Amino acid sequence: MAKKNKFYVTTPIYYTNDIPHVGHAYTTIAADVLSRWNKLQGKKVFFLTGTDDHGKKIADAAAKSGKKPKEFTDALVPKFKDAWKKFNINYDKFIRTTDKSHEKVVSEILQKVYDNGDIYKGTYEGLYCVGCEAYYTEKDLEEGLLCPIHKKKVEILKEESYFFKLSKYEKKLLEFYKKNPEFISPKKRKQEIVNRVKEGLKDLSISRTSFDWGIPLSFDKNHVCYVWFDALFNYYSATRENEKEGFWPADAHLIGKDILWFHTVYWPAFLMSAGIELPKKVFAHGWWTFDKEKISKSRGKVISVDELIAIAGVDSARYFLLRATPFGDDGDFSEQALIDRHNNELANKLGNLVSRVSGLIEKFGFEKADVHIEVSNIVEDVRRLMERFEFDKALNSIFAFVDTLNQFVQNEKIWETGDKKDLYELATGIRLVAVLLWPFIPETCEKIAKNFGFKISLEELRAQLKVIKIKKGDILFKKI
Ligand code: MSP
């Protein structure tokens with residue numbers, strides 16, 4: 001597969017100890033938008049999501065509910081799959097870390113890294129947060145030995161453990177960041193990682209003996225693999241199957257800002273050690289609060305996927321999450337804010353435009369004509385913004401174009417003139433809007449396409465571009 005013409009996007013694999021909520025939906029919708037957008041550009045796309053089934057967190061949650069871990073996670077997986085179906089998420093593969101094919105790849109890689117001399121045996125005593133599945137040093141904790149993320153007291157763990165020589169990769173990582181300035185995105189998150197790496201990297205404990213819910217180490221079956229080593233390799237193991245071979249390396253790992261360290265330090269170091277090519281980009285999005293409170297099961301509020309959809313429908317939820325806040329920033333979710341955008345932007349602007357124009361066309365018909373609307377800039381604008389994952393700005397620019405179309409109807413008083421050529425022009429504009437918005441609100445755009453008799457496709461977009469070329473610069477009207 002030509003590397004230039006493929007796009008491989010991933011979401012984190014979600015822990016199966018909780019039902020999917022707005023935070024999970026956010027990354028998954030964003031990945032779906034990127035996947036659809038790249039398909040529109042004619043690329044071969046591989047979109048991966050899934051679940052993180054192993055580790056102490058899951059084992060503990062299963063024990064609490066009196067179930068075996070596998071049984072426990074099996075019951076949660078359908079909840080994720082259902083949620084993504086409801087949201088029109090078109091993933092290509094749903095991976096679980098309990099998949100045999102994944103376990104096999106992880107075992108092989110562990111052996112390889114071990115054979116390379118990057119894994120050695122030692123003892124570990126440390127402060128462990130089960131919520132994060134990570135050890136902390138005291139200075140990173142809040143008063144009372146509380147985890148800074150979960151605000152829960154960490155546990156003291158002492159165990160025999162295998163260590164990964166992370167310290168060996170300090171310089172190599174720093175060089176890699178330098179050579180690949182886009183690897184840690186957005187830019188504002190990069191320096192923090194670089195500084196922490198510069199402070200020095202300690203070797204990382206990558207095995208556990210205190211529980212057995214994980215992948216056994218091939219060179220010592222008393223140990224199971226540390227859940228993050230196991231989990232991160234999902235991105236790679238998914239491409240080791242038959243026709244997915246050519247998709248590695250990933251073009252974009254979308255994640256939340258809380259797991260940036262794992263993805264930009266551990267992950268590339270593991271890959272370097274295993275001799276595997278590194279991903280192109282890790283993009284960390286911000287966190288949602290709900291009415292200004294933290295979203296979590298243990299503290300604060302949770303908004304489930306069903307509750308989210310019930311407010312104003314699937315497309316409005318998809319639209320809101322990507323429009324309301326820049327992808328790298330934190331945002332506050334509120335029902336009112338979603339309803340406002342649904343009413344003002346989707347119903348009043350887009351909905352009215354489409355129903356007005358289609359109504360007028362039904363009444364007056366239309367006549368093929370040269371198109372004067374200046375659309376070249378908007379297509380280029382949107383493309384540039386999508387490449388930078390600036391979804392909010394891309395939507396803004398599409399909606400500025402919707403405004404332009406609405407104003408055109410208004411200024412020309414089309415309902416009085418019934419000008420067929422103007423109506424043709426408006427229909428063309430709407431087709432373009434529907435193609436550009438399709439990655440974000442697919443259901444709505446497919447309805448528009450059906451009513452206007454066209455297919456959402458790259459050809460459609462190209463046809464629009466051809467039209468523009470003819471009349472470029474010949475502007476009929478400007479936005480007021
Ligand atoms: N299993 C790990 C990821 C392993 S990837 C190799 C994990 N799972 S998680 O289920 O806890 O979280 C998954 C993602 O959800 C994270 O990217 C996290 O940032 C995101 N979110 C959880 N709550 C969130 C919000 N309130 N807002 C936005 N995203 C949030 O971590």
Side-chain angles (χ1 to χ4, degrees), residues 1-14 27-53 80-81 84 88-110 112-113 176 179-180 182-185 228-255 259-260 262-264 266-285 327 383 386-389 391 439 442 457-458:
M1 193 186 311
K3 295 255 161 174
K4 253 176 82 186
N5 210 34
K6 65 99 185 163
F7 185 74
Y8 175 25
V9 61
T10 68
T11 72
I13 46 173
Y14 304 111
T27 333
T28 314
I29 291 168
D32 188 55
V33 168
L34 279 178
S35 157
R36 288 172 186 269
W37 174 259
N38 280 280
K39 273 182 195 155
L40 268 186
Q41 308 301 307
K43 291 198 181 169
K44 279 212 176 343
V45 174
F46 181 32
F47 167 13
L48 178 74
T49 189
T51 54
D52 195 349
D53 293 348
F80 282 89
K81 289 189 173 166
W84 304 152
N88 282 321
I89 305 292
N90 255 332
Y91 58 78
D92 297 293
K93 183 179 165 69
F94 191 103
I95 194 170
R96 296 181 60 183
T97 49
T98 42
D99 290 345
K100 288 285 161 274
S101 49
H102 168 78
E103 292 184 343
K104 187 166 167 267
V105 171
V106 172
S107 288
E108 282 168 13
I109 286 168
L110 277 165
K112 190 167 178 198
V113 173
F176 177 73
K179 271 203 199 125
N180 300 275
E182 305 261 294
F183 176 69
I184 307 175
S185 291
W228 273 100
F229 190 98
D230 171 354
L232 285 162
F233 273 98
N234 90 87
Y235 303 132
Y236 175 70
S237 68
T239 66
R240 289 286 299 276
E241 285 169 8
N242 36 42
E243 81 281 16
K244 299 297 181 218
E245 203 79 41
F247 279 105
W248 190 259
D251 294 273
H253 292 312
L254 304 189
I255 57 161
I259 54 176
L260 188 60
F262 299 92
H263 281 81
T264 55
Y266 296 176
W267 181 222
F270 295 159
L271 288 168
M272 283 174 183
S273 174
I276 299 169
E277 200 177 335
L278 268 50
K280 302 273 175 243
K281 189 197 284 285
V282 174
F283 194 104
H285 63 66
F327 195 49
R383 183 170 287 143
M386 292 303 282
E387 273 162 17
R388 301 204 304 231
F389 301 4
F391 307 121
S457 76
L458 179 72

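Just so it is clear, the model here is predicted, and its values are computed rather than measured. Computation of the quantities below employed the complete heavy-atom set of this structure, encompassing side-chain atoms and omitting hydrogens, waters and symmetry-equivalent molecules.
- For H263 and Y235, the ring centers are positioned less than 6.0 Å apart.
- Looking at F247 and L48, their side chains never come closer than 4.5 Å, going by heavy atoms from C-beta outward.
- By the 4.5 Å heavy-atom criterion applied to side chains, Y236 and P249 are not counted as neighbours.
- We find the CD1-CG distance between I259 and L232 to be 8.5 Å, quoted to the nearest 0.5 Å.
- With sequence neighbours excluded, no residue forms a side chain to side chain donor-acceptor pair (under 3.5 Å) with S35.
- A parallel orientation is assigned to the rings of F283 and F327, their planes being inclined by less than 30° (bins at 30° and 60°).
- The closest donor-acceptor contact from the side chain of K281 to the backbone of A252 lies at 3.5 Å or more, if one exists at all.
- In this structure, OG1 in T27 is found 14.0 Å from NE2 in H253, a value given to the nearest 0.5 Å.
- The shortest distance between side-chain heavy atoms of I109 and S237 does not fall below 4.5 Å.
- A heavy-atom distance below 4.5 Å is not found between the side chains of K6 and F46.
- Note that K39 lies outside the cation-pi zone of F47, set by a 6.0 Å cut-off to the ring centre and a 45° limit from the axis.
- Scanning for side chain to side chain donor-acceptor pair (under 3.5 Å) contacts around E241 gives K93, S101, with sequence neighbours left out.
- F262 is not listed as a side-chain neighbour of I255, based on a closest heavy-atom distance of 4.5 Å or more.
- In this structure, T98 OG1 and E103 CD are separated by 6.5 Å, a value rounded to the nearest 0.5 Å.
- Considering all non-hydrogen atoms of both residues, A238 and Y8 come closest at CB-OH, 4.1 Å.
- Salt-bridge annotation for E108 and K104: present, with a side-chain N of the basic residue lying under 4.0 Å from a carboxylate O of the acidic one.
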Next on the checklist: Using the rule given for side chain to side chain contact (heavy atoms under 4.5 Å, CB included), can you reason through M272 versus F176, listing the C-alpha separation, both sets of side-chain angles and the distance that settles it, and then say yes or no?
Outcome noted: CA-CA 10 Å; M272 283 174 183; F176 177 73; 3.9 Å; yes

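- Checked by atom type and distance alone, the side chain of K43 never pairs as donor or acceptor with a backbone atom of N38 at under 3.5 Å.
- The nearest pair of heavy atoms linking A30 to F391 is CB-CE1, 4.1 Å.
- Judged purely by atom type and a 3.5 angstrom limit, T97 uses its side chain to pair as donor or acceptor with the backbone of D53.
- Rounded to the nearest 0.5 Å, atoms CH2 (W84) and CZ (F94) are 8.5 Å apart.
- Every side chain to side chain donor-acceptor pair (under 3.5 Å) that D230 has, sequence neighbours left out, goes to H54, H102.
- Considering CD1 of I29 and CD1 of I89, their distance stands at 5.0 Å, rounded to 0.5 Å.
- Between the side chains of Y91 and T11, not a single donor N or O lies within less than 3.5 Å of an accepting N or O.
- Side chains of L278 and W267 form no contact here, defined as non-hydrogen atoms less than 4.5 Å apart.
- Closest approach of I13 to A231, counting heavy atoms only: CD1-O, 3.7 Å.
- Among residues two or more places apart in sequence or in another chain, the salt bridge (charged side-chain N to carboxylate O under 4.0 Å, His left out) test is passed with R36 by D32.
- With sequence neighbours excluded, no residue satisfies side chain to side chain donor-acceptor pair (under 3.5 Å) with Y266.
- The side-chain heavy atoms of D251 and L34, taken from C-beta on, include no pair separated by under 4.5 Å.
- For the ring pair (Phe, Tyr, Trp, His ring centres under 6.0 Å) test, residues two or more places apart in sequence or in another chain that qualify with F229 are F233, F270.
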